J.: 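Following this message is one structure expressed as structure tokens.
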There are 2 protein chains.
Amino acid sequence: MELLKEVPLFSNLSEDQLERIGRLLFSKKYLKGEVIFSPNEKAEFFFILKRGKVKVFKTLNGKEQIIKVFEKPALFGEAASFTGSCFPAWAEAIEDSEVLLVSRKSFLNLLKEEPELGMNLMAVMAQRLFYLTTLVENLSLKSALSKLSSYILSKLEGEEEINFSTSLAAMELGLTKETVSRTLSKLKALGVIEKKKSKIRVKNRKALQELSC
Amino acid sequence: MELLKEVPLFSNLSEDQLERIGRLLFSKKYLKGEVIFSPNEKAEFFFILKRGKVKVFKTLNGKEQIIKVFEKPALFGEAASFTGSCFPAWAEAIEDSEVLLVSRKSFLNLLKEEPELGMNLMAVMAQRLFYLTTLVENLSLKSALSKLSSYILSKLEGEEEINFSTSLAAMELGLTKETVSRTLSKLKALGVIEKKKSKIRVKNRKALQELSC
DNA sequence: CGCATAGTTGAGCTATTTCAACATCAGTGG
DNA sequence: CCACTGATGTTGAAATAGCTCAACTATGCG
């Protein structure tokens, strides 16, 4: 249960409190491609990602828009679980994953007794709102080149190399894989990045930053 | 302070609690076109809309995407104010408006003492997340015709007539006013709606629903 | 009434999508 | 270790939805 400490929602709680939370959860495994939740499904649980990678996305007429890809110690589905409404989107494992489930009811009980937890949850939700706001900005206001540039920058985190999947990026950026592929070639031609296999190396971060607006 | 009861955040609080909140706020007026907050401004307050109409929006390279238009008894800026970060977007009065300001600090204090208030705030934020999720879906996955159809439907609320501004709709839907105007003509030609001055009357709601996907 | 703002319409343009063919890669089992 | 297979990525050509620019019209406000 060391994992819990890494999750922002629980980070500053006492051992005691973590202990209580630990008793509420159980683990579940999903293979790559398996659906974790779907819209029109009542949110009786929320999820803590223990291992693997999960995409949360919307679909319409065979098209797909990823809302967010979750990795490592992250939680998702918490907002819907809080209100007890239906999930607003799909969640699917894009790698073999392991997930901890927390039942809505027991979490709500805990929430009444631990005001700190409430503050944490609000912080998490505020962060989500912020993220979604910039997602809207990126989707609606930027060109393919800017989208891709800021996407790469956002994955860098100090490193100069990232893992990159053309079709995953496409579904996150609201573009087709063809457009992403072509735009990537443009960035290569500009000498801004290098590509080898499924990795991208950024050669000129400054240029990328300029392109990302 | 009857207004406060109408705001979801405070709806189920006692007179006493409302009294305390009432003491925290002060009123401010904004003329049409005035900026209420801007990005890179620390969120020291959040806002309760008392009268008028406010748009919260992002801009990039002279383009503008409205995140949400607020009316009547609504609050906005609460997430940024909770975390104390910068506002993620602009807010501007699009009608002469009156707004109540609540300071971040005093609200956080209150939040510690009134767990109910925290629960309410979480509910509000969860609703916002849900809204933004469907906004992403609408922006990214729908055609102009579908966007406009679902937009009109969402404003109906049981009525069969709505106020409609072409350019406001355009900025909400991520389209140009020209496209909205043309698409509206298409809906007229299909016999789905009628237009007179700045009002739209829906003649065939079912057809509109089918077009909205 | 006149002016500014908002909406309409047309013509041409362009970024992105679509469709199709091909290339590359990763993983599997022989 | 290699050959096969399905998934993923690339490239080209054509189609298209929506944008831009420009001119014009309607609307509402002082």
Side-chain angles (χ1 to χ4, degrees), chain A residues 31-33 53 55 60-66 69 92-96 138-149 151-152 162-189 193-200 211 213, chain B residues 31-33 53 55 60-66 69 92-96 138-149 151-152 162-189 193-200 211 213:
Chain A
L31 295 174
K32 180 175 173 171
K53 211 167 175 178
K55 67 174 174 183
L60 198 62
N61 306 321
K63 299 191 148 273
E64 174 175 333
Q65 174 64 52
I66 291 181
V69 174
E92 185 186 315
I94 55 177
E95 287 177 8
D96 294 355
N138 286 334
L139 287 174
S140 167
L141 262 23
K142 286 185 180 174
S143 68
L145 189 62
S146 303
K147 283 179 181 182
L148 188 56
S149 301
Y151 179 79
I152 294 171
I162 57 165
N163 284 319
F164 186 90
S165 150
T166 305
S167 34
L168 184 61
M171 289 184 300
E172 295 194 67
L173 297 173
L175 301 168
T176 59
K177 61 182 165 55
E178 292 93 335
T179 302
V180 171
S181 176
R182 279 185 253 265
T183 310
L184 210 56
S185 308
K186 218 175 282 178
L187 285 175
K188 261 188 287 180
I193 60 161
E194 255 170 15
K195 211 196 160 196
K196 32 180 175 171
K197 309 237 174 170
S198 64
K199 291 224 188 297
I200 284 180
L211 290 170
C213 302
Chain B
L31 294 175
K32 180 174 176 171
K53 212 167 175 178
K55 67 173 175 185
L60 197 62
N61 306 321
K63 297 191 149 276
E64 173 175 334
Q65 174 65 51
I66 290 182
V69 173
E92 185 186 315
I94 53 177
E95 289 177 6
D96 293 355
N138 285 334
L139 287 175
S140 168
L141 262 23
K142 288 186 180 173
S143 67
L145 190 60
S146 303
K147 283 178 180 182
L148 188 55
S149 301
Y151 179 80
I152 294 170
I162 57 165
N163 284 319
F164 186 89
S165 148
T166 305
S167 34
L168 184 61
M171 290 184 301
E172 295 194 66
L173 296 172
L175 300 168
T176 58
K177 61 183 164 56
E178 291 92 335
T179 301
V180 170
S181 176
R182 277 185 254 268
T183 309
L184 210 56
S185 306
K186 218 176 281 178
L187 285 175
K188 261 187 286 181
I193 59 160
E194 255 170 16
K195 212 193 156 198
K196 33 180 175 170
K197 309 239 174 167
S198 64
K199 290 224 189 297
I200 283 180
L211 290 170
C213 302

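Bear in mind that the values here come from a model prediction, so they are computed numbers and not experimental data. Lettering follows sequence order; numbering is per chain, from 1.
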J.: Can you tell me the distance, in whole Å, between the NZ atom of B:Lys196 and the P atom of D:dG28?
T.: 13 Å

J.: Under 4.0 angstrom, heavy atoms only, what part of the nucleic acid is A:Lys188 near: base, sugar-phosphate, or nothing?
T.: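 Nothing, no nucleic acid heavy atom in range.
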
J.: I want to check something: taking the side chain as every heavy atom from C-beta on, are A:Thr183 and A:Leu175 in contact at a cut-off of under 4.5 Å?
T.: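 With C-beta onward as the side chain, the pair stays apart.
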
J.: Testing the basics here: between A:Leu60 and B:Cys213, what is the closest heavy-atom pair and its distance to 0.1 Å?
T.: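 That closest heavy-atom pairing would be CD2-C, 4.3 Å.
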
J.: Please tell me if A:Thr176 has a side-chain N or O lying less than 4.0 Å from either OP1 or OP2 of C:dT16.
T.: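 It does not, given that no N or O in the side chain of A:Thr176 lies less than 4.0 Å from OP1 or OP2 of C:dT16.
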
J.: Expressed as a whole number of angstroms, how long is the span from A:Lys142:NZ to C:dA15:P?
T.: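 Nearest whole value for this atom pair: 18 Å.
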
J.: Return the nearest nucleotide to the side chain of B:Glu178; candidates are C:dT16, C:dT18, D:dT20.
T.: D:dT20

J.: Sub-3.5 Å donor-acceptor pair from the side chain of A:Asp96 to the main-chain atoms of A:Lys32, do we have one?
T.: yes

J.: Does a nitrogen or oxygen in the side chain of B:Ser165 sit under 4.0 Å from OP1 or OP2 of C:dG7?
T.: yes

J.: Rounded to whole Å, how long is the line connecting atom CD of B:Glu95 with atom C1' of C:dA6?
T.: 15 Å

J.: Calculate the interatomic distance between B:Lys197 atom NZ and D:dG28 atom C1'; express it in whole Å.
T.: 9 Å

J.: For B:Ser149 and B:Leu145, indicate whether the former's side chain and the latter's backbone hold a donor-acceptor pair under 3.5 Å.
T.: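 Yes.
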
J.: How would you label the contact of A:Lys147 with the nucleic acid (heavy atoms, under 4.0 Å): base, sugar-phosphate, or nothing?
T.: nothing

J.: Find the distance B:Leu168:CG to C:dG7:P and express it as a whole number of Å.
T.: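 Result: 9 Å.
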
J.: Less than 4.0 angstrom between a side-chain N/O of B:Ser167 and OP1 or OP2 of C:dT5, yes or no?
T.: no

J.: Pick base, sugar-phosphate or nothing for B:Ser185, based on heavy-atom distances below 4.0 Å to the nucleic acid.
T.: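 The answer is sugar-phosphate, as B:Ser185 gets under 4.0 Å only of primed atoms, P, OP1 or OP2.
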
J.: Have a look at A:Thr179 and say if it touches a base, only the backbone sugar-phosphate, or nothing, with a 4.0 Å heavy-atom cut-off.
T.: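 Result for A:Thr179 = base.
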
J.: So what does A:Leu175 touch, heavy atoms closer than 4.0 Å: a base, only the sugar-phosphate, or nothing?
T.: sugar-phosphate

J.: Once you apply a heavy-atom cut-off of 4.0 Å, does A:Gly174 come out as touching a base, just sugar-phosphate, or nothing?
T.: sugar-phosphate

J.: Nearest-Å distance, CD1 (B:Ile94) to C1' (C:dT5)?
T.: 15 Å

J.: Nearest whole angstrom, please: distance from the P of C:dG7 to the CD1 of B:Ile193.
T.: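 Computing the B:Ile193:CD1 to C:dG7:P distance gives 14 Å.
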
J.: Just to be sure I understand the rule, does B:Lys195 reach a base, reach only the sugar-phosphate, or reach nothing, if contact means heavy atoms closer than 4.0 Å?
T.: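 Sugar-phosphate: the residue B:Lys195, judged by heavy atoms under 4.0 Å, touches backbone atoms but no base.
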
J.: From the list C:dT16, D:dA22, D:dA13, which nucleotide is the closest neighbour of the side chain of A:Arg182?
T.: D:dA13

J.: What is the distance, rounded to the nearest whole Å, between atom CG of A:Leu148 and atom P of C:dA15?
T.: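 Taking atom P of C:dA15 as the reference, CG of A:Leu148 is at 16 Å.
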
J.: Which pair of heavy atoms, one from A:Glu172 and one from A:Gln65, lies closest together, and at what distance?
T.: O-NE2, 3.0 Å

J.: From the options D:dT10, C:dT17, D:dT8, select the nucleotide whose nearest atom is closest to the side chain of A:Lys63.
T.: C:dT17

J.: Just checking B:Lys188: does its NZ atom have more than 12 heavy atoms from other residues, nucleotides or ligands closer to it than 6.0 angstrom?
T.: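 For B:Lys188, atom NZ is crowded (more than 12 foreign heavy atoms under 6.0 Å).
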
J.: Can you check whether B:Ser198 has a side-chain N or O nearer than 4.0 Å to OP1 or OP2 of C:dA6?
T.: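 Looking at the OP1 and OP2 atoms of C:dA6, neither is under 4.0 Å from any side-chain N or O of B:Ser198.
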
J.: Answer yes or no: does a side-chain N or O of A:Lys177 lie under 4.0 Å from OP1 or OP2 of D:dA7?
T.: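 For D:dA7, OP1/OP2 do not have a side-chain N/O of A:Lys177 under 4.0 Å.
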
